[in-house]
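Quick notes on the structure that follows.
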Amino acid sequence: MRDLVAGMRYLGKGQRWVAQHGRWWGFGLIPALIALVLYAGVLVALAVWSGDIAAWATPFADGWGTPWQGLLRGVFVALLIAGGLMLSVLTFTAVTLLIGDPFYESLSEKVEESEGYCPPSPDRPLWQEIWIALRDSVHVLLRAAGFGILLFVLGFVPFLGQTVIPAIGFCVSGFFLTVELTSVAMQRRDVPVRERLRLLRGRKGLAVGFGTPVVLLFLIPFVAVVLMPGAVAGATLLVRDLMADEEEPPAPERGEGAAARGPAAGAPYGQPGAPGGFGRPAPAGFPANQGQPQAPRQYPSPQSGPGSSAARPPAGW
């Protein structure tokens, strides 16, 4: 449950990041708008021809009387359109990422730089980056299609097909959508697609918590376009934390600022690592023996008598 909530938070963090960097939000809208026009045409065509597709796919019901023929083909049309919407959500992200590969790569890099460290991208030409992204997207979509076919068949089971199966379908779609959205930051780290799947399977709650709200929001017209830049930003932040234990900034990056600052900030003088500490010369303006071991000062002892030398205060006391 904790991972589920954390995944939802990453979506909110990504949207906040693009809200604070409006120029990058507008930059990320361009490929999403192009993909929206393409998908709108495909979905309209599917809705217009869905009745003919249902009749072609169920010839055995031609001789059925009413209401059974209409009921069967109505369920088929509903499942067909629902499946088309689900598939469009998954492929919309993949196609948008392919169209906008240079856009979202720049956006993701900017997010990482704002967080303190951006891993260097592999030294590959743009066409090779696009080819790898296309190949990985096909791999993910084939896996998602296998689950989609299974859930489509289970959708005909009475009661379960209208209640439990759609909920499972949204979660499965959310997981694979997270795989797609994290591909920008993962590809920069040169992580193979099978390794990406392994990492996210190990944190299913995180992946489902991030991707499922995106799936539901993407079903609202035009919302996918508006949220796409923030979804990429949130996925980048998710990848940074997911792989925090497996990668570290190079030593010069970590030590550069510390070397420039010198001794540890806040360390008391006279301790190792502090200005004028043991074995270190004192900086200008401090006594030369600052921080060196000092002999204890002798103070009068209460047991000493008036004539005792120990009772005499030091010169100048």
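All residue numbers refer to positions in the sequence shown, counting from 1.
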For the backbone of [Y] and the side chain of [X], can you confirm whether one donor and one acceptor N or O come within less than 3.5 Å of each other?
X: Thr182; Y: Val179; value: yes
X: Ser108; Y: Glu105; value: no
X: Trp25; Y: Gln20; value: no

### Task
For Val140 and Val193, run side-chain contact (heavy atoms from CB on, under 4.5 Å): C-alpha distance rounded to whole Å, both residues' side-chain angles, the deciding distance at 0.1 Å, then the answer.
CA-CA 8 Å; Val140 172; Val193 64; 3.8 Å; yes
Could you state the interatomic distance from [atom1] ([X]) to [atom2] ([Y]), rounded to the nearest 0.5 Å?
X: Leu36; Y: Tyr39; atom1: CG; atom2: OH; value: 11.0 Å
X: Leu79; Y: Phe156; atom1: CG; atom2: CZ; value: 5.0 Å
X: Thr96; Y: Leu29; atom1: OG1; atom2: CG; value: 11.0 Å

Identify the heavy atoms of [X] and [Y] that sit nearest to each other, and give their distance.
X: Ala233; Y: Gly14; value: CB-O, 3.8 Å
X: Phe175; Y: Leu200; value: CE1-O, 3.6 Å
X: Ala32; Y: Val225; value: O-CG2, 3.7 Å
X: Ala47; Y: Ser50; value: O-OG, 3.1 Å
X: Leu151; Y: Ile165; value: O-CG2, 3.5 Å
X: Val208; Y: Cys171; value: CG2-O, 4.0 Å

May I ask whether [X] and [Y] are part of the same hydrophobic cluster, defined by side-chain heavy atoms of I, L, V, M, F, W, Y residues being less than 4.5 angstrom apart, directly or through others?
X: Ile149; Y: Leu141; result: no
X: Ile168; Y: Val214; result: yes
X: Ile220; Y: Leu33; result: yes

### Query
Testing Arg188, Glu115, Lys110, Glu109 for side-chain contact (heavy atoms from CB on, under 4.5 Å) with Thr236, which one passes?
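Between Thr236 and the candidates, side-chain contact (heavy atoms from CB on, under 4.5 Å) is satisfied uniquely by Arg188.
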### Task
With side-chain contact (heavy atoms from CB on, under 4.5 Å) as the test, would you mind laying out the steps for Met186 and Leu242 before giving the verdict?
CA-CA 10 Å; Met186 291 283 198; Leu242 182 67; 3.9 Å; yes
### Message
Classify the ring geometry of Trp24 against Phe27: parallel below 30°, tilted from 30° to 60°, perpendicular beyond 60°.
### Response
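Judged by the thresholds at 30° and 60°, the geometry between Trp24 and Phe27 is perpendicular.
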### Task
Please work out which of the three classes, parallel, tilted or perpendicular, describes the rings of Phe176 and Phe147, given edges at 30° and 60°.
tilted
### Message
Could you go through Val164 and Val157, starting from their C-alpha distance and side-chain angles, then the distance that decides it, and tell me whether this counts as side-chain contact (heavy atoms from CB on, under 4.5 Å)?
### Response
CA-CA 10 Å; Val164 177; Val157 177; over 6 Å; no
### Query
Tyr10 and Phe210: aromatic ring centres closer than 6.0 Å?
no
### Query
For Leu199 and Glu195, what are the C-alpha separation, side-chain angles and deciding distance, and is it a side-chain contact (heavy atoms from CB on, under 4.5 Å)?
CA-CA 6 Å; Leu199 286 169; Glu195 181 66 11; 4.1 Å; yes
### Message
Would you say His139 and Arg135 are linked by a side-chain donor-acceptor pair, where the criterion is simply a distance under 3.5 Å?
### Response
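Their side chains do not contain a donor-acceptor pair, so the 3.5 Å distance test is not met.
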### Task
Please lay out, stage by stage, how Glu112 and Arg189 fare under the test salt bridge (charged side-chain N to carboxylate O under 4.0 Å, His left out).
CA-CA 12 Å; Glu112 300 225 46; Arg189 290 164 170 80; 2.8 Å; yes
### Query
So does Phe159 have more than 12 non-hydrogen atoms from other groups sitting under 6.0 Å from CZ?
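No, not enclosed.
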### Task
State which residue, out of Arg194, Arg196, Gln187, fulfils the side chain to side chain donor-acceptor pair (under 3.5 Å) condition with Asp136.
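That would be Arg196; it is the only one of Arg194, Arg196, Gln187 passing the side chain to side chain donor-acceptor pair (under 3.5 Å) with Asp136.
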